[in-house]
Visitor: 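Questions regarding the structure given below will be posed in turn.
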There are 2 protein chains.
Amino acid sequence: MKSKIDWEEAYAACEALTENEDSLTRDIVTGISEKWTLWTLAELAAEEAPLRFSRIMERVEGVSQKSLTKVLRQLERDGLITRKVFAEVPPRVEYATTDLALEMLELVHPLWKWAAANVAKFQAAQTSYDLRQKKN
Amino acid sequence: MKSKIDWEEAYAACEALTENEDSLTRDIVTGISEKWTLWTLAELAAEEAPLRFSRIMERVEGVSQKSLTKVLRQLERDGLITRKVFAEVPPRVEYATTDLALEMLELVHPLWKWAAANVAKFQAAQTSYDLRQKKN
DNA sequence: CAGTATCCTCCTAGATACTG
DNA sequence: CAGTATCTAGGAGGATACTG
């Protein structure tokens with residue numbers, strides 16, 4: 001099998017970025033793998049309506065307040081979600097995805113589906129690898 | 001803008017996985033963001049031929065021996081690269097991408113291109129966010 | 001309700017030195 | 001050449017307690 005990607009073009013595109021832009025690009029891509037980021041985004045996108053902090057915490061099972069706060073701040077700073085504070089008592093804060101986030105999710109989704117569809121291959125590869133290591 | 005993703009189907013697909021499979025799926029997806037993983041894979045895929053350890057180290061600028069070794073071991077275990085040892089002195093070890101890795105790269109590539117294309121938006125979002133924080 | 005603040009532990013990853 | 005071994009600093013992220 002041959003790579004269908006035009007690597008020359010891809011590398012040229014990378015070279016065209018300033019160091020700062022390159023670093024930011026990397027941060028955006030690698031941001032999807034911070035532990036709760038994708039899950040949080042997915043819940044907001046699936047809802048198709050703003051969600052309050054506590055509703056998100058319920059849906060993203062296992063996340064701590066501290067981690068969720070951090071994730072939401074980062075997503076807000078990256079322009080992937082909006083945060084709206086209502087001047088009420090008790091306070092109400094609503095989060096919602098931006099169009100930028102929906103674009104990104106549409107690109108991440110195929111990757112996730114592919115990984116899930118091929119999970120048996122990964123398990124087989126790992127089992128085979130672990131066996132080879134044991135022998136030696 | 002409305003999400004084009006069928007979230008019901010997506011969540012159902014997740015539910016269908018065992019806990020182990022789900023965790024492995026996550027590991028594969030998040031693996032792309034470990035610091036040197038994608039770069040290493042890209043160099044091997046772009047070469048379209050096996051590369052020796054030292055050639056990879058030259059191309060992946062800045063990676064340490066230890067980190068590269070770890071990345072290569074993980075990729076090998078996940079079935080994304082092959083490792084071939086030649087019984088020679090001095091030793092020769094050649095690494096190459098598998099078809100599974102090329103499939104994955106074809107899904108990761110659009111995401112990377114999108115991030116690079118939208119880097120200006122992310123910079124603008126961050127600048128705007130940082131300004132808002134300063135005011136308060 | 002929606003967070004901060006503090007403490008703590010594990011993991012990542014670099015630097016350096018050594019080896020079959 | 002292609003690693004392994006050891007030490008270390010820094011960050012991620014959980015638990016818990018407190019607050020406007």
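Atoms considered below: every heavy atom in the structure, side chains included; atoms not considered: hydrogens, waters and symmetry mates. Below, chain A is the first sequence line, B the second, and so on; all start at residue 1.
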Visitor: Quick one, which residues of residues 37-63 of chain A touch DNA chain C with a heavy atom under 4.0 Å?
Guide: A:Arg52, A:Phe53, A:Ser54
Visitor: Less than 4.5 Å apart, side chain to side chain, heavy atoms only: is that true for B:Leu111 and A:Met104?
Guide: yes
Visitor: May I have the distance from A:Gln74 (atom CD) to C:dG3 (atom P), rounded to whole angstrom?
Guide: 16 Å
Visitor: When you measure from the side chain of A:Thr25 to the backbone N and O of A:Glu21, does any donor-acceptor pair fall under 3.5 Å?
Guide: yes
Visitor: What's the angle between the local helix axes at either end of the helix from C:dC1-D:dG20 to C:dG20-D:dC1, using five pairs per end and rounding to 10 degrees?
Guide: 50°
Visitor: Just to confirm, is there a sub-4.0 Å distance from OP1 or OP2 of C:dG3 to any side-chain nitrogen or oxygen of A:Arg92?
Guide: no
Visitor: Kindly state which residues belonging to residues 76-89 of chain B come within less than 4.0 angstrom of DNA chain C, counting heavy atoms of the residue only, listed by number.
Guide: none
Visitor: Quick one: A:Gln65 CD to D:dG20 C1', roughly how many Å, whole number?
Guide: 14 Å
Visitor: Please enumerate all protein N or O atoms sitting under 3.5 Å from an N or O of nucleotides 10-13 of chain C, with distances to 0.1 Å.
Guide:
| unit_1 | atom_1 | unit_2 | atom_2 | d |
| --- | --- | --- | --- | --- |
| C:dA13 | N7 | B:Lys66 | NZ | 3.2 |

Visitor: Would one find a side-chain N or O of B:Tyr95 under 4.0 angstrom from OP1 or OP2 of D:dG3?
Guide: yes
Visitor: When the distance from CG of A:Leu68 to P of C:dT4 is rounded to whole Å, what number comes out?
Guide: 11 Å
Visitor: With distance as the sole criterion, is a donor-acceptor pair present between the side chains of A:Asp130 and A:Gln126 under 3.5 Å?
Guide: no
Visitor: Is a side-chain donor or acceptor of A:Ser33 paired with a backbone partner of A:Thr30 at a separation under 3.5 angstrom?
Guide: yes
Visitor: Quick one: do B:Thr37 and B:Gln74 satisfy side-chain contact (heavy atoms from CB on, under 4.5 Å)? Show the steps, please.
Guide: CA-CA 9 Å; B:Thr37 301; B:Gln74 185 61 50; over 6 Å; no
Visitor: Output all residues satisfying side chain to side chain contact (heavy atoms under 4.5 Å, CB included) with B:Ala42, sequence neighbours left out; order by chain, then residue number.
Guide: A:Trp7, A:Tyr11
Visitor: Can B:Thr69 and B:Arg73 be counted as having a side-chain donor-acceptor contact under 3.5 angstrom?
Guide: no
Visitor: Please determine if B:Arg59 and B:Glu61 form a salt bridge, counting it only when a charged side-chain N lies under 4.0 Å from a carboxylate O.
Guide: no
Visitor: With a 4.5 Å limit on heavy-atom distance, are the side chains of A:Val63 and A:Met57 in contact?
Guide: yes
Visitor: Given D:dT4, C:dA2, D:dA2, identify the nucleotide with an atom nearest to the side chain of A:Val93.
Guide: C:dA2
Visitor: How long is the span from the CG atom in A:Leu107 to the CG atom in A:Leu102, to the nearest 0.5 Å?
Guide: 11.5 Å
Visitor: Hey, any chance B:Val60 and B:Leu75 share a hydrophobic cluster, counting ILVMFWY side chains that come within less than 4.5 Å of each other, even indirectly?
Guide: yes
Visitor: Is there any ring pair (Phe, Tyr, Trp, His ring centres under 6.0 Å) pair reaching into residues 78-121 of chain A, and which pairs are they, with sequence neighbours excluded?
Guide: A:Trp114-A:Phe122
Visitor: Expressed as a whole number of angstroms, how long is the span from B:Glu94:CD to D:dC1:P?
Guide: 14 Å
Visitor: Under a 4.5 Å cut-off applied to non-hydrogen side-chain atoms, are A:Val71 and A:Lys35 in contact?
Guide: no
Visitor: Give the rounded distance in Å between these two atoms: CZ of A:Arg73 and P of C:dA2.
Guide: 12 Å
